[in-house]
A.B. asks: 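Questions regarding the structure given below will be posed in turn.
Note that this is a predicted model, so its numbers are computed, not measured. Every number for a ligand or one of its atoms is a count from 1 in the order of the listing.
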Amino acid sequence: MTPTSWTRRHVLSLADFTLAELDTVMQTANRFQSVLQRRTKKVPTLQARLVSNLFFEPSTRTRNSFELAAKRLSADVLNFAPATSALSKGETILDTAKTFLAMGADLMVIRHQQSGVPQRIAAEMDRLGGQVGILNAGDGCHEHPSQALLDLFTLCNVLDSEAPTPTLLTGKKVAIVGDILHSRVVRSNLYSLGVSGAVVHLAAPPTLLPREFEAYGATVHWALQPALQEADFVMTLRLQKERMSQHLIPSLREYFQQFGITRDRLQVCQPHVKVLHPGPVNRGVEISSDLMDDPDLSLITDQVTSGVAVRMALLYLMGSGGNLAGLPVG
Ligand code: CP
């Protein structure tokens, strides 16, 4: 099947992504997944294009997989590190972005600890009349679109690795457990899982899960077991200690006792249940160490692997301006 739907210059949020767009990303990622399994894992599709990775906040998975994705597409890559940049001399974020624009950036991948920074840069780039595409690689507690798309791809691949399409999730129960309040990953996932037809249940202590999350169409639980009951997939989230301005849980030990995911607790799920975590993981807090390392139950490594194909798909779709004719044959 040929992907058909793409008109976006920027990917800042999944809030308005349609099912057709999600499907286009999944199908395109599937093609690149095949490329990544070949002996020569590189295609010339973004040759002479410039991808700038502007990460104002630390990252291991996202920054490196965007860099690898761009290189696999034969793009030139510039990486920006705040500590060794002119930002430390007082240059503004917008002037930093304009500097990369002046060097000819076609795509900018932006992570920032404050919500809204990628959106602000995109607005400024549009105002300047350029064609540069901005990709939100995680902004504050707002969104992390590429993470949710790689999560979706990982889930769809479990259900059908030949044809991973979002509607495979229709009616599947996905339990999301952890620091919902501070999670940009969950907000993007709520959009993509919702459009795909998944039945989403959230679980966390009330201090980390306001009832307002029901507005996303999810069921809210302040206890773990009802969320896990009959779940097809369990997505755990990191306790974001750096974002907690006050003591929202009594202790990490008590959190693990009440909400930590262990083999025993998965007994109430479907027999085929799989566990995900976007990383980085606090072992023994969100998930037991043995479960995290169990290849029969944990999809955490698959998520990282899927991330490269999904980010290749996003860079390709944004960099090709919607011209899907140049996609490698699957
Ligand atoms: N999942 C995620 O965003 O990880 P990094 O912070 O390592 O990029």
A.B. asks: Is R263 salt-bridged to D296, cutoff N-O under 4.0 Å?
C.D. replies: no

A.B. asks: Are any protein N/O atoms closer than 3.5 Å to the N/O atoms of ligand 1? If there are, list each pair with names and the distance to one decimal place.
C.D. replies:
unit_1, atom_1, unit_2, atom_2, d
ligand 1, 1 (N), Q147, OE1, 3.0
ligand 1, 1 (N), P278, O, 2.9
ligand 1, 1 (N), G279, O, 3.1
ligand 1, 3 (O), T62, OG1, 3.0
ligand 1, 3 (O), R111, NH2, 2.9
ligand 1, 3 (O), H144, NE2, 2.9
ligand 1, 4 (O), R61, NE, 3.1
ligand 1, 6 (O), R111, NH1, 2.9
ligand 1, 7 (O), T60, N, 2.9
ligand 1, 7 (O), R61, N, 2.9
ligand 1, 7 (O), R61, NE, 3.1
ligand 1, 7 (O), R61, NH2, 3.2
ligand 1, 8 (O), S59, OG, 2.6
ligand 1, 8 (O), T62, N, 3.0
ligand 1, 8 (O), T62, OG1, 2.6
ligand 1, 8 (O), R111, NH1, 3.4
ligand 1, 8 (O), R111, NH2, 3.3

A.B. asks: State whether R184 and E57 are salt-bridged, where the test is any N-O pair (Lys NZ or Arg NE/NH1/NH2 against Asp/Glu carboxylate O) under 4.0 Å.
C.D. replies: yes

A.B. asks: In terms of the angle between their ring planes, are F80 and F100 parallel, tilted or perpendicular, with boundaries placed at 30° and 60°?
C.D. replies: perpendicular

A.B. asks: Less than 4.0 Å between a side-chain N and a carboxylate O, is that true for D302 and K274?
C.D. replies: no

A.B. asks: Using 4.0 Å as the upper bound for N to carboxylate O, is an ion pair formed by D139 and R111?
C.D. replies: no

A.B. asks: Just by distance, with hydrogens left out, do D264 and T262 show a side-chain donor and acceptor under 3.5 Å apart?
C.D. replies: no

